[in-house]
Amino acid sequence: QVQLVESGGGLVQPGGSLRLSCAASGIIYNVMGWYRQAPGKQRELVASINRAGDTDYAASVKGRFSISRDNAENTVYLQMNSLKPEDTAVYYCHGDYVHWGQGIQVTVSS
């Protein structure tokens with residue numbers, strides 16, 4: 001059974017940090033990553049990484065977010081620093097853009 005399980009979201013103040021994790025089971029993905037969807041907006045790419053470690057970031061998060069993965073654990077991480085209120089969204093983990101996690105809320109607010 002293919003499953004993507006996300007963890008690490010929550011409420012943080014502007015300027016704070018959070019680390020999201022997504023553990024995959026049942027399949028080995030070439031590309032894993034994160035999208036996000038804010039209320040009233042379309043889902044957008046945040047960051048992705050392939051098994052070789054090549055990364056891709058949205059312009060809005062470059063320099064603040066860092067994606068990494070542990071191939072042995074089949075897990076991808078998203079370290080989010082210098083968070084802004086506009087980063088508030090539901091964050092979705094994906095595997096090869098085919099399978100998706102259930103989504104996890106990230107709220108940046110004072």
Side-chain angles (χ1 to χ4, degrees):
Q1 180 182 359
V2 174
Q3 197 171 17
L4 291 164
V5 178
E6 299 136 331
S7 60
L11 172 65
V12 64
Q13 292 187 342
S17 298
L18 281 176
R19 189 191 194 209
L20 304 183
S21 299
C22 174
S25 59
I27 191 170
I28 303 296
Y29 295 109
N30 178 39
V31 180
M32 297 183 73
W34 298 89
Y35 276 66
R36 67 186 181 187
Q37 188 166 20
K41 294 188 176 181
Q42 289 189 330
R43 191 175 294 193
E44 62 175 359
L45 169 72
V46 178
S48 287
I49 185 170
N50 64 17
R51 289 184 62 83
D54 301 315
T55 58
D56 186 25
Y57 292 94
S60 59
V61 307
K62 273 184 180 177
R64 300 188 298 122
F65 292 11
S66 178
I67 190 169
S68 61
R69 68 189 285 174
D70 183 333
N71 290 332
E73 296 294 327
N74 213 15
T75 299
V76 64
Y77 304 96
L78 185 69
Q79 178 65 44
M80 304 185 292
N81 299 327
S82 303
L83 281 160
K84 304 175 181 180
E86 51 263 44
D87 294 317
T88 295
V90 178
Y91 284 69
Y92 296 90
C93 173
H94 77 84
D96 284 338
Y97 308 99
V98 174
H99 298 129
W100 297 86
Q102 77 282 2
I104 191 164
Q105 180 69 47
V106 171
T107 302
V108 185
S109 176
S110 55

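FYI, side chains are in, hydrogens and waters are out, and symmetry mates aren't considered; it's all heavy atoms of this structure.
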Please collect all disulfide (SG to SG under 2.5 Å) contacts where either partner lies in residues 23-82, sequence neighbours excluded, each pair once. none
Holding to ring pair (Phe, Tyr, Trp, His ring centres under 6.0 Å), I want the full list of residues that pass it with Y35, two or more places apart in sequence or in another chain. H94, W100
Shortest non-hydrogen contact from V2 toward G26: CG2-O, 4.2 Å
Would a single hydrophobic cluster contain both Y97 and V76, if residues Ile, Leu, Val, Met, Phe, Trp and Tyr are joined by side-chain heavy-atom contacts under 4.5 Å? no
Quick one, Q102 with L4, criterion side-chain contact (heavy atoms from CB on, under 4.5 Å). Give me CA distance, side-chain angles, the key distance, then yes/no. CA-CA 8 Å; Q102 77 282 2; L4 291 164; over 6 Å; no
By side-chain contact (heavy atoms from CB on, under 4.5 Å) - contacts of A23 (at least two apart): T75
Connecting only ILVMFWY residues whose side-chain heavy atoms lie within less than 4.5 Å of each other, what is the rest of Y77's hydrophobic cluster? none
When hydrophobic residues are tied together by side-chain contacts of less than 4.5 Å, even through go-betweens, does V46 share a cluster with V5? no
Does A52 have any side-chain contact (heavy atoms from CB on, under 4.5 Å) partners at least two apart in sequence or in another chain, and if so, which? N50, D54
Supply the members, apart from I28, of the Ile/Leu/Val/Met/Phe/Trp/Tyr cluster built from side-chain contacts under 4.5 Å; use none for a lone residue. none
Applying the 4.5 Å side-chain criterion to the ILVMFWY set and letting contacts propagate, would L78 and I104 be lumped into a single cluster? yes
Heavy-atom pair of closest approach, residues G101 and Y92: O-CD2, 3.8 Å
Which side-chain N or O atoms in residues 61-69 pair as donor and acceptor under 3.5 Å with protein atoms at least two apart or in another chain?
unit_1: R64; atom_1: NH1; unit_2: S82; atom_2: O; d: 3.0
unit_1: R64; atom_1: NH1; unit_2: D87; atom_2: OD2; d: 2.7
unit_1: R64; atom_1: NH2; unit_2: S60; atom_2: O; d: 2.9
unit_1: R64; atom_1: NH2; unit_2: D87; atom_2: OD1; d: 3.0
unit_1: R64; atom_1: NH2; unit_2: D87; atom_2: OD2; d: 3.4
unit_1: R69; atom_1: NE; unit_2: N71; atom_2: OD1; d: 2.7
unit_1: R69; atom_1: NH1; unit_2: N30; atom_2: O; d: 2.8
unit_1: R69; atom_1: NH1; unit_2: I49; atom_2: O; d: 3.1
unit_1: R69; atom_1: NH2; unit_2: Y29; atom_2: O; d: 3.0

For V106, which residues count as a side-chain contact (heavy atoms from CB on, under 4.5 Å) partner, sequence neighbours excluded? L18, L20, M80, Y91, V108
Here the disulfide (SG to SG under 2.5 Å) pairs for residues 39-110, sequence neighbours left out, are C22-C93
Are the side chain of D96 and the backbone of V31 linked by a donor-acceptor contact shorter than 3.5 Å? yes
If every non-hydrogen atom of A89 is compared with every non-hydrogen atom of A38, which pair is closest and at what distance? CB-N, 3.8 Å
Does any non-hydrogen side-chain atom of Q79 lie less than 4.5 Å from one of S17? yes
Is atom CD of Q42 surrounded by more than 12 heavy atoms (other residues, nucleotides or ligands) closer than 6.0 Å? no
Residue pair Q13 / L83, side-chain heavy-atom distance below 4.5 Å: no
Using 0.5 Å steps for rounding, measure from the NE2 atom of H99 to the CE atom of M32. 11.5 Å
Sequence-distant partners of S109, side-chain contact (heavy atoms from CB on, under 4.5 Å), two or more places apart: L11, T107
Can you sort out the partners of R43 under salt bridge (Lys or Arg N to Asp or Glu O under 4.0 Å), two or more places apart, ordered by chain and number? none
Could I get the full list of salt bridge (Lys or Arg N to Asp or Glu O under 4.0 Å) partners for E44, not counting sequence neighbours? R36
Taking all non-hydrogen atoms of both residues into account, name the closest pair between S48 and L45 and its distance. OG-CD1, 3.5 Å
